[in-house]
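Report on the following structure.
Residue numbers begin at 1 in each chain, while the letters A, B, ... track the order of the sequences.
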Protein chains: 2
Amino acid sequence: MDLRRLRYFVAVAEARSVGKAAERLRMAQPPLSVQIRKLEAEVGAPLFRRGTRGMDLTEAGQALLVRASEALALAADGIEAARAVASGRRGRLSVGYMFVLANAMLPRLIPELRRSVPGVDLDFAELSASTREARVLDRSVTVALCMPAINHPEIQVARIGAQRLMLAMPTSSPLARLSSVPMARLHGRPLIALPHPDHGPASSAVVPLLRRHQVVMPIASRVETVHSAMSLVLAGEGFAILPACAQLGAPRGIVFRPLRDATDSLDIAVCWRRDAQSPLIRTFLKCAERVVAGL
Amino acid sequence: MDLRRLRYFVAVAEARSVGKAAERLRMAQPPLSVQIRKLEAEVGAPLFRRGTRGMDLTEAGQALLVRASEALALAADGIEAARAVASGRRGRLSVGYMFVLANAMLPRLIPELRRSVPGVDLDFAELSASTREARVLDRSVTVALCMPAINHPEIQVARIGAQRLMLAMPTSSPLARLSSVPMARLHGRPLIALPHPDHGPASSAVVPLLRRHQVVMPIASRVETVHSAMSLVLAGEGFAILPACAQLGAPRGIVFRPLRDATDSLDIAVCWRRDAQSPLIRTFLKCAERVVAGL
DNA sequence: GCCAACCCATACGTTTTTGGTATGCCAATG
DNA sequence: CATTGGCATACCAAAAACGTATGGGTTGGC
């Protein structure tokens, strides 16, 4: 059973005439007549009553007509839907994000996305440092907002901004009275350390920073997430060196201060599978860049 | 866009491999590969990700898959529905009946039909003597249960039975005491006359019957329907000569008696358009015959 | 009552499309 | 490094569809 036959059939049924339908289909009348008869042979029953003034559907023809029209529309819709998905006008976008970026970015990113790609189903998921790479690779998220970027040959990275590192401490700390904290004042103070997912147990940016300034901070605790770090800071367990945007998720009782004479920063990056390159991802990237630009 | 392409596409998507799908479709792998690429060209975007271990749908491919499967199913269902209608397993049957037959036949005919053609939408309409022919011709009823048959070149008739003519009179009439009424006793009594739809104003069977027995009955009233006739009989306006089955619709106060030495009867017939010949009508005919046989 | 017009069906040659076979290319695997 | 598994390409043969020419039946006008 061929879709063209059904298309012809619908045309003839609507025109109630082979000749008229042939004209509308821009083809000759005889081949159309032949196709209709082939369809009837396939069904095994007449679909039209041939009158002297054209053709008229039989009951069997009417039964076929409704379904054939629907099938035609569905097939056309399928092609169109595939195009829309390929072009990024429709589809599904699963956005992974790391907690540090959530408070700074999501409130502006989500409306921006809904505006930019209104036909797309959006879905958001927090990523942990340890699983984010796997979530991108197995496509359970389409794109990931990361800090810092994922480093993997199959994953493509676009750096869309950076956040200065700041010192996080309890409001009660004596250092909190300074508007910015000299690196030297950190020497000897306890550090709440975050692992870096790629390069071992300590944050990739913090370790070189301390080394460069010849500051030694004993590691008071190792934690997995930024909010664990902030909890421990609030509890007075030590100091954390965190990207500026973490302030927005910080509980009362914690203050952030810039580090004097240290401009080190962590990259904000969008990461996705290299083979999933698509217009939708490009659009997402644009949105994320706009949001970061407004921070 | 061709339905075969969509079928191929679905097969490849389900098999997640061109080779496997080709096997299932009993064709060689290369032409299938070509068809898939043609479909992708038509859509304007890749539908599969080619990996080293087979093919995998892209998001656009997934969007197409759901609709393509549905379209396929609908097309197949359409063909099947047309066959079902043509074979009489499904469809619509509009049954017209004349009032005289309603009480005798419908209570047994309707369940019989529902059992015989469970997939068919049944619909019943009472026919008047004056419009029944037009209702068959314009297809507003598919078949008509008539008494007597319609006489028209475009209408086919199947006689399925007959009903003896009987005398209908008020219970109070002196003739009601007889178990059967000799024709001669009718002479001079008032007649409630029914028109015959084809042959003028008087019932085609009653006029010859009276003439043959040389009985003259003055016409007290002319009525259009059997129940009008019975109303007038009940009112004492006169006698009616009606088919036996009319008894079942008769109100209290009317009795029917056979006519002694007169076996005249009226035909029960099924009538339908000659060009609407169908298995469904044949099935209907069988049912109607069975019902009449059990009267 | 015959002829013209209309419409669908059939026949046949041409073109387009599709399927098969042979083969190439690439990546993963042992 | 060779082998295997899987998709893509090339080329040829077969099938299907389209167009032109034509037949046949019915309607409607003169």
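Remark: B:S17 is in phosphate contact with D:dC7, judged by side-chain N or O atoms under 4.0 Å from OP1 or OP2. Residue B:R4 has no polar side-chain atom (N or O) positioned under 4.0 Å from OP1 or OP2 of C:dT17. Taking 4.0 angstrom as the limit, B:R37 places a side-chain polar atom (N or O) nearer than this to OP1 or OP2 of D:dA8. Distances shown here put every side-chain N or O of B:K38 at or beyond 4.0 Å from the OP1 or OP2 atom of C:dT17.
At the heavy-atom level, A:Q29 lies under 4.0 Å from base atoms of the strands shown. A:G54 comes within 4.0 angstrom of sugar-phosphate atoms only, judged by non-hydrogen atoms across all strands, and of no base. Across all strands shown, B:F48 has no heavy atoms under 4.0 Å from either base or sugar-phosphate atoms. Here A:R16 lies out of heavy-atom contact (under 4.0 Å) with every strand.
Among the nucleotides C:dG19, D:dG19, D:dC18, the one closest to the side chain of A:A28 is D:dG19. Distances from the side chain of A:M55 to the nucleotides C:dC8, D:dA17, C:dT18 place C:dC8 closest. Of the candidate nucleotides D:dC7, C:dA9, D:dC18, C:dA9 has the atom lying nearest to any side-chain atom of A:R50. Set against C:dG19, D:dG19, C:dC8, the side chain of B:Q35 has C:dG19 as its closest nucleotide. Comparing atom distances between the A:S33 side chain and each of C:dA28, D:dA8, C:dT10 picks out C:dT10 as nearest. Of all nucleotides listed (D:dT9, C:dC8, D:dG19), C:dC8 comes nearest to the side chain of A:V18. When distances are taken from the side chain of A:P31 to each of D:dA17, C:dA28, D:dG19, the shortest belongs to D:dG19. The nucleotide whose nearest atom lies closest to any side-chain atom of B:P30 is, among C:dT21, C:dG19, D:dC7, C:dT21.
Atom pair A:D2:CG and D:dA15:C1' shows a separation of 13 Å (rounding to whole Å applied). Atom OH in A:Y8 sits roughly 16 Å away from atom P in C:dA9 (whole-Å rounding). The distance between atom CD of A:E23 and atom P of C:dC8, rounded to the nearest whole Å, is 12 Å. For A:D56 and D:dT26, the CG to P distance is 18 Å, given to the nearest whole Å. When rounded to the nearest whole Å, the span between CZ of B:R49 and P of C:dC26 equals 22 Å. Taking atom CD1 of B:I36 as the reference point, atom C1' of C:dT18 lies 14 Å away to the nearest angstrom. Whole-Å rounding puts the B:M27 CE to C:dG20 P distance at 5 Å. Atom CZ in B:R7 sits roughly 11 Å away from atom P in C:dG19 (whole-Å rounding).
Across all non-hydrogen atoms, the minimal contact from B:A288 to B:L145 is CB-CD2, 4.4 Å. Taking each heavy atom of A:A28 and A:A22 in turn, the nearest pair found is O-CB, 3.7 Å.
For A:R83 (side chain) and A:I79 (main-chain N/O), no donor-acceptor pair under 3.5 Å exists by modelled atom type. Listed for the B:E289 side chain is no donor-acceptor partner under 3.5 Å among the backbone atoms of B:I160.
Under the 4.0 Å criterion applied to side-chain N and carboxylate O atoms, B:R89 and B:E80 are assigned as salt-bridge partners.
The one candidate from A:I150, A:L127, A:N151 that meets the side chain to side chain contact (heavy atoms under 4.5 Å, CB included) condition with A:E133 is A:I150.
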